[in-house]
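What follows is a set of notes on a single structure, which appears directly below.
In this text, all values refer to a predicted model and were calculated from it rather than measured experimentally.
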Amino acid sequence: MSKAGALDLASGLGGKIEKTEVLSAVEQYERYHVFYGGEEEERKANYTDMVNKYYDLVTSFYEFGWGESFHFAPRWKGESLKESIKRHEHFLALQLGLKPGHKVLDVGCGIGGPLREIARFSSSSVTGINNNEYQITRGKELNRIAGVEKTCNFVKADFMKMPFPDSTFDAIYAIEATCHAPDAYGCYKEIYRVLKPGQYFAAYEWCMTDSFDPNNSEHQKIKAEIEIGDGLPDIRLTGQCLEALKQAGFEIIWEKDLAVGSPLPWYLPLDTSHFSLSSFRLTSVGRFITRNMVKGLEFVGLAPKGSQRVQDFLEKAAEGLVEGGRKEIFTPMYFFLARKPLSERQ
């Protein structure tokens, strides 16, 4: 079960970072980004440090507000956020054709909410790769609570340099995770290497859409807000992802921005004009309560100094995500299904 109370939130803030070092880590993380004079090339060169700091700082906030699956989903009218998230995960399993006994890889698995759901849904075995020690520790605890230790496991490693032999997995997926890669081609090429020939890779990518105008200062501001609030070195265009997949050797089976045509907007949970009891902590009232709770916890010493600063850049990210969604210049669910040919010549 995900963290439920204020003390649970406070105990996890900062992840594996020493509590006395959290404020310093926040300041170092912020300096990577545009709002603090950071450069894209520096973020890419130091992506391991930047992304690790990000997830140490934000994982407890994510779990407190979002649950165990840290991703968005297209949503039907009458469907709860939790239901839409599960359906989004089941959709991946169906697209990949997962079957009992399949050996599956989750690239950038977070604390393992999707891998547990997909393993139970498909009766497959899922390995999650993640380079953040705190998230893996938390994921193993949640695996034990869910009773899925025999079919779900974690490997701590960089997904740009995976410690698996060639052609290991029957299927691979990534949910809003490979956007952290400094180089899409390098990431996809490594996924290609560890996937068995003839098998499939599916992903939901965070991308700027064709409506994004790099010469528009408002568009650039929204992009920068998303980057600092979500630990991203850059945000690629959808076409750049497709081109990188092809260069890595994949055949594209089909692709679509699943945000287009969603009956309810994917950013609805973050929209301050929207109210929902089922996802109360994400509403403007819920976020106001959380913000003041964190302020109080930091004041009395139960949360480390710097916790409010983390809440601040997550709020900035929420604003950027909502505006990016409204203007249709950003999507967190550019979907593609790609196949590794049976032979290099195919």
To check you understand the geometry: which heavy-atom pair defines the closest contact between [X] and [Y], and what is its length?
| X | Y | value |
| --- | --- | --- |
| His71 | Pro114 | CD2-CG, 4.0 Å |
| Thr151 | Ser124 | CB-O, 4.0 Å |
| Arg43 | Glu227 | NH2-OE1, 3.5 Å |
| Cys152 | Ala119 | SG-CB, 3.5 Å |
| Ala93 | Ile118 | CB-CG2, 4.2 Å |
| Ser69 | Ile85 | CB-CG2, 3.7 Å |

Looking only at the aromatic ring of each residue, does the gap between the centers of [Y] and [X] stay below 6.0 angstrom?
| X | Y | value |
| --- | --- | --- |
| Trp66 | Phe72 | yes |
| Phe201 | Phe250 | yes |
| His180 | Tyr55 | yes |

Worksheet item: Is the cationic atom of Lys340 (NZ for Lys, CZ for Arg) positioned less than 6.0 Å from the six-membered ring centroid of Tyr192 and within 45 degrees of its normal?
Response: yes
Can you get from [X] to [Y] by hopping between Ile, Leu, Val, Met, Phe, Trp and Tyr side chains that sit under 4.5 Å apart?
| X | Y | value |
| --- | --- | --- |
| Leu337 | Ile175 | yes |
| Trp254 | Leu96 | yes |
| Ile172 | Leu94 | no |
| Tyr185 | Met160 | no |
| Val104 | Phe121 | no |

Discussion item. Go through it in stages, so that I can follow the logic: the residues are Ile111 and Thr59, the test is side-chain contact (heavy atoms from CB on, under 4.5 Å), and I'd like the CA-CA distance, side-chain angles, deciding distance and then a yes or no.
Written reply: CA-CA 8 Å; Ile111 60 172; Thr59 294; 4.0 Å; yes
Taking 4.0 angstrom as the limit, do [X] and [Y] come out as a salt bridge?
| X | Y | result |
| --- | --- | --- |
| Glu251 | Lys246 | no |
| Lys221 | Glu218 | no |
| Asp234 | Lys223 | yes |
| Lys316 | Glu319 | no |
| Asp170 | Lys103 | no |

Discussion item. Which residue in the set Arg138, Glu149, Lys150, Arg116 passes side-chain hydrogen bond (donor to acceptor under 3.5 Å, both in side chains) when paired with Asn143?
Written reply: Arg116
When rounded to the nearest 0.5 angstrom, what distance separates [atom1] in [X] from [atom2] in [Y]?
| X | Y | atom1 | atom2 | answer |
| --- | --- | --- | --- | --- |
| Thr137 | Leu142 | OG1 | CG | 11.0 Å |
| Lys140 | Ile145 | NZ | CD1 | 14.5 Å |
| Thr127 | Leu105 | OG1 | CG | 6.5 Å |
| Thr238 | Phe212 | OG1 | CZ | 12.0 Å |
| Leu92 | Tyr200 | CG | OH | 15.0 Å |
| Met208 | Cys241 | CE | SG | 12.0 Å |

Item to complete: Please report the C-alpha distance between Glu83 and Trp76 in whole Å, then the side-chain angles of each, then the deciding distance to 0.1 Å, and finally whether the side-chain contact (heavy atoms from CB on, under 4.5 Å) criterion is met.
Response: CA-CA 10 Å; Glu83 288 169 340; Trp76 293 96; over 6 Å; no
Side-chain contact test, heavy atoms from C-beta onward, threshold under 4.5 Å: evaluate it for [X] versus [Y] and give yes or no.
| X | Y | answer |
| --- | --- | --- |
| His102 | Ser125 | no |
| His88 | Leu258 | yes |
| Leu237 | Cys207 | no |
| Gln199 | Phe169 | no |
| Val51 | Asn131 | no |
| Pro214 | His219 | no |
| Ser167 | Pro197 | yes |
| Tyr204 | Pro332 | no |

Practice prompt. Taking Ser262 for its side chain and Ala259 for its backbone only, find out whether a donor-acceptor pair lies under 3.5 Å.
Written response: no
Discussion item. Between Gln135 and Asn130, does the side chain to side chain donor-acceptor pair (under 3.5 Å) criterion hold? Intermediate values first, please.
Written reply: CA-CA 8 Å; Gln135 287 198 334; Asn130 187 331; 2.8 Å; yes
Exceeds 12 heavy-atom contacts within 6.0 angstrom, atom [atom1] of [X]:
| X | atom1 | result |
| --- | --- | --- |
| Lys44 | NZ | yes |
| Asp210 | CG | no |
| Lys82 | NZ | no |

Response to the item:
Only residue of Phe159, Phe154, Tyr173 satisfying side-chain contact (heavy atoms from CB on, under 4.5 Å) with Cys109 is Phe154
Fill in: Residues Glu79, Arg87; criterion salt bridge (charged side-chain N to carboxylate O under 4.0 Å, His left out); working and verdict
CA-CA 10 Å; Glu79 187 177 45; Arg87 179 174 52 76; 2.8 Å; yes
Worksheet entry | Test salt bridge (charged side-chain N to carboxylate O under 4.0 Å, His left out) applied to Lys86 and Glu89, step by step | CA-CA 5 Å; Lys86 284 181 180 287; Glu89 293 164 358; over 6 Å; no
Item to complete: Would you check, one step at a time, whether the test side-chain contact (heavy atoms from CB on, under 4.5 Å) holds for Ile129 with Phe164?
Response: CA-CA 10 Å; Ile129 186 168; Phe164 307 119; 4.0 Å; yes
Fill in: CA sep, side-chain torsions, deciding dist, call: Leu321, Asp230, side-chain contact (heavy atoms from CB on, under 4.5 Å)
CA-CA 10 Å; Leu321 288 165; Asp230 294 282; 4.1 Å; yes
Worksheet entry | side chain to side chain donor-acceptor pair (under 3.5 Å) evaluation trace for Thr178 with Glu205 | CA-CA 7 Å; Thr178 46; Glu205 279 284 10; 2.5 Å; yes
Practice prompt. Name the orientation class of the two ring planes belonging to Phe330 and Trp206 (parallel below 30°, tilted from 30 to 60°, perpendicular beyond 60°).
Written response: perpendicular
Worksheet item: So Tyr188 and Phe336, would you call those rings parallel, tilted or perpendicular, with 30° and 60° as cut-offs?
Response: perpendicular
Discussion item. Ignoring hydrogens and geometry beyond distance, is a side-chain donor-acceptor pair present between Glu328 and Thr209 at under 3.5 Å?
Written reply: no
